[in-house]
Amino acid sequence: MTSEKGDDGRNVTDREIVAQKIELLLDVMRARGHEPANFAEIQKEMAKRGVKLSRTRWFRIRKGSSDGRPTPDLLRALADYFDVDANYLLQRDGQISARVEAELNLLNALKLMNVSDVGARTVGDLTPEALNEIAAAINQFRKPNE
């Protein structure tokens with residue numbers, strides 16, 4: 001299993017990377033104005049894609065637990081549900097679309113500024129480049145010691 005150092009200096013496992021990516025995708029859904037996906041919705045969507053998912057398994061995957069290793073079929077189904085390339089979840093360094101990456105950059109910048117609720121619906125029609133420029137502008141005005 002491949003691992004890399006996290007912010008706290010410990011090794012980060014592949015399962016933890018997948019958990020982080022899923023949480024980011026859930027954040028993007030919330031920022032787009034959708035209610036946070038609940039387990040029942042995720043389970044139903046996975047079943048439509050031919051994949052069984054129990055509540056315990058979903059919890060363990062989202063937490064990056066050692067006993068929560070997701071199968072490639074489940075990761076492909078989740079990628080389809082979140083409308084991202086499957087390689088984003090299947091590979092440690094899998095890339096996301098420019099649009100999702102730009103939305104994540106903006107969300108991260110806003111979180112760093114302690115903005116708790118974002119009306120991202122209002123920026124929904126902006127290009128990825130414009131979203132990245134907004135994020136860069138926000139980051140530029142943050143205090144240097146933050």
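In what follows, every heavy atom counts, from backbone to side chain, and hydrogens, waters and symmetry copies are set aside.
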Could you tell me if the side chain of K21 sits less than 4.5 Å from the side chain of V84, heavy atoms only? no
Could you check if a side-chain atom of V51 sits within less than 4.5 angstrom of a side-chain atom of Y81, using non-hydrogen atoms only? no
Could you pull out all residues at least two apart from R60 that satisfy salt bridge (charged side-chain N to carboxylate O under 4.0 Å, His left out)? D67
Please check if atom CZ in F59 has more than 12 non-hydrogen atoms from other residues, nucleotides or ligands closer than 6.0 Å. no
Is there side-chain contact between T71 and R57, with at least one heavy-atom pair below 4.5 Å? yes
With E23, which residues qualify under side-chain hydrogen bond (donor to acceptor under 3.5 Å, both in side chains), at least two apart? R62
L78 side chain reached by L25 side chain, heavy atoms, under 4.5 Å: no
About how many Å separate CD of Q20 and CD1 of I17, when rounded to the nearest 0.5 Å? 5.0 Å
How long is the span from the CG atom in D80 to the CD atom in E45, to the nearest 0.5 Å? 9.0 Å
pair L74-L89: side-chain heavy atoms closer than 4.5 Å: no
Going by salt bridge (charged side-chain N to carboxylate O under 4.0 Å, His left out), name the residues that satisfy it together with K63, two or more places apart in sequence or in a different chain. none
Tell me, please, which residues at least two apart from A86 pass side chain to side chain contact (heavy atoms under 4.5 Å, CB included). R76, A79, L90
Residues passing the side-chain hydrogen bond (donor to acceptor under 3.5 Å, both in side chains) test with Q43, sequence neighbours excluded, are none
My understanding is that only residues two or more places apart in sequence, or in another chain, count here; which of them pass side-chain hydrogen bond (donor to acceptor under 3.5 Å, both in side chains) with R55? none
Please name all residues satisfying side chain to side chain contact (heavy atoms under 4.5 Å, CB included) with S66, sequence neighbours left out, ordered by chain then number. R15
Would F82 and L24 count as a side-chain contact (heavy atoms from CB on, under 4.5 Å) here? Give the steps. CA-CA 11 Å; F82 287 113; L24 287 173; over 6 Å; no
side-chain hydrogen bond (donor to acceptor under 3.5 Å, both in side chains) partners of K44, counting only residues at least two apart: none
